[in-house]
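Below you'll find the structure, written out as structure tokens, and then a few comments.
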Amino acid sequence: MADLSVKLCGAKMKSPLILASGIRSNNAQLLIRAGEEGAGAATSKSCSLQAREGHKNPSAVEYESYMINAIGLSNPGAQTEKEEIEFAVKNAKIPIIASVYENSPENFAKVAKIISEANPAIIELDASCPNIHMEGEMFSSSCKGASEVVKAVKRQVKNIPVSIKLAPNVPNIGEIAKESQRAGADCISAINTIPAMMIDVHARAPVLSNKYGGLSGPAIFPAALRCVNEIRNSCSLPIIGGGGVTSGEDAAAMLMAGATAVSVGTAIWKNPLAFKKINSELSSYMKKMNFEKISDIKMK
Ligand SMILES: Cc1cc2nc3c(=O)[nH]c(=O)nc-3n(C[C@H](O)[C@H](O)[C@H](O)COP(=O)(O)O)c2cc1C
């Protein structure tokens with residue numbers, strides 16, 4: 001195996017692959033297992049201050065080259081989640097990234113503060129949920145929304161790096177990343193799912209109970225590469241790049257686009273052993289190209 005290790009916001013990772021939030025990441029045991037199966041770090045399911053049930057089934061449906069989901073951010077609430085993260089941080093052999101979300105900058109700061117007590121390696125802000133101050137717009141849809149959330153969290157959380165997770169459906173993701181850096185973010189995560197819909201023509205009805213959902217998997221990979229590259233061109237923070245990564249060559253392309261580490265979600269949903277496969281393909285690619293370390297993987 002080539003040397004796959006990377007450093008992300010001070011955390012040492014044996015592989016650049018990170019379990020993405022929301023996929024086989026709902027409790028401490030799953031986060032620990034991701035490490036045993038080859039992930040270099042694992043991100044917990046996003047949690048809010050209070051518990052949420054989420055949407056009714058069907059809430060996630062798979063197709064050959066994509067999946068669509070509207071899970072509805074179901075989670076047990078910040079106090080219970082803090083205990084899960086604490087257990088994972090103590091028992092996993094990999095850094096744990098804790099994902100949080102809320103509906104205002106103040107509540108983002110509150111949930112991040114509670115979760116910070118579990119001492120995760122990074123706190124990831126899922127800023128793709130509606131902003132009550134801006135009539136339902138996502139925080140990550142604007143420089144103002146993103147920077148307000150980052151500033152509020154950074155005022156409360158001093159000792160843990162903060163990454164803001166950006167959505168792809170904006171015209172200026174690079175600008176939003178740059179503004180997040182100015183506001184004090186330590187890292188950028190991109191991308192979240194792409195707004196989508198599927199219709200069952202036999203039932204003549206939307207496939208998801210929630211009607212609309214988020215698209216993920218191989219179909220979004222080129223869109224994710226572009227977003228990561230735009231972010232790299234406009235800000236100097238480390239990037240957790242992901243969206244549709246399923247192979248070692250996808251991971252290499254994501255690193256070439258400018259990512260520091262690579263998140264993998266849908267590929268793990270479909271095959272829990274995908275980390276081993278992607279690590280070994282990445283290692284073979286590096287050997288073939290005479291790359292000794294991950295930082296050698298660059299575009300010409
Ligand atoms: C079933 C499912 C649940 C998800 N839940 C969350 C979540 O709670 N928080 C979050 O930030 N992203 C969530 N995501 C988005 C993923 O973390 C990831 O950003 C996205 O799926 C793109 O990567 P992929 O194509 O590798 O899956 C979810 C995705 C899926 C498919």
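Counting convention: from 1, in listed order, for ligands and their atoms alike. In this chain, residues are counted from 1 in sequence order. What you see below is based on every heavy atom in this structure, not just the backbone, and it leaves out hydrogens, waters and symmetry mates.
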If you count the atoms of ligand 1 from 1 in the order shown, which ones are under 4.0 Å from a heavy atom of [X]?
X      : answer
Leu73  : 8 (O)
Gly217 : 25 (O)
Lys45  : 5 (N), 6 (C), 7 (C), 8 (O)
Thr266 : 24 (P), 25 (O), 26 (O), 27 (O)

Nitrogen or oxygen atoms of [X] and ligand 1 under 3.5 Å apart:
X      : result
Gly244 : yes
Ser99  : no
Trp269 : no
Ile191 : yes
Ser46  : yes

Cluster overlap Met299 with Phe221, hydrophobic side-chain contacts below 4.5 Å: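 Yes, because Met299 and Phe221 connect within a single hydrophobic cluster, where side-chain heavy atoms sit under 4.5 Å apart.
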Do me a favour and list the nearest non-hydrogen protein atom to [atom] with residue, atom name and distance?
atom                    : result
atom 15 (C) of ligand 1 : Asn192 OD1, 3.5 Å
atom 20 (C) of ligand 1 : Thr193 CG2, 3.8 Å
atom 18 (C) of ligand 1 : Lys165 NZ, 3.8 Å
atom 21 (O) of ligand 1 : Ser216 CB, 3.3 Å
atom 23 (O) of ligand 1 : Gly243 CA, 3.5 Å

Atom [atom1] of [X] with >12 non-hydrogen neighbours under 6.0 angstrom:
X      : atom1 : answer
Glu292 : CD    : no
Glu62  : CD    : yes
Lys154 : NZ    : yes

Part of Asn69 within contact of ligand 1 (heavy atoms, under 4.0 Å):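 The answer is the side chain.
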Winner among Gly265, Ser21, Gly22 once heavy atoms are compared against atom 16 (C) of ligand 1: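 It is Ser21 that holds the nearest heavy atom.
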Gap between atom NZ of Lys277 and atom CD1 of Ile268 - 0.5 Å precision: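 It is 9.5 Å, given to the nearest 0.5 Å.
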From NZ (Lys151) to CZ (Arg182), nearest 0.5 Å: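 That separation rounds to 10.0 Å.
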Residue of the set Asp126, Ile220, Leu166 for which side chain to side chain contact (heavy atoms under 4.5 Å, CB included) holds with Asn192: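 Only one of Asp126, Ile220, Leu166 forms a side chain to side chain contact (heavy atoms under 4.5 Å, CB included) with Asn192, namely Asp126.
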Among Ser25, Ser99, Ser74, side chain to side chain donor-acceptor pair (under 3.5 Å) partner for Ser46: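 Answer after filtering Ser25, Ser99, Ser74: Ser99.
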Donor + acceptor pair across side chains of Gln181, Ser236 (<3.5 Å):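 There is such a pair between these side chains.
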Ser21 vs Glu124, side-chain hydrogen bond (donor to acceptor under 3.5 Å, both in side chains): CA-CA, chis, key distance, verdict: CA-CA 9 Å; Ser21 177; Glu124 186 173 85; 5.0 Å; no
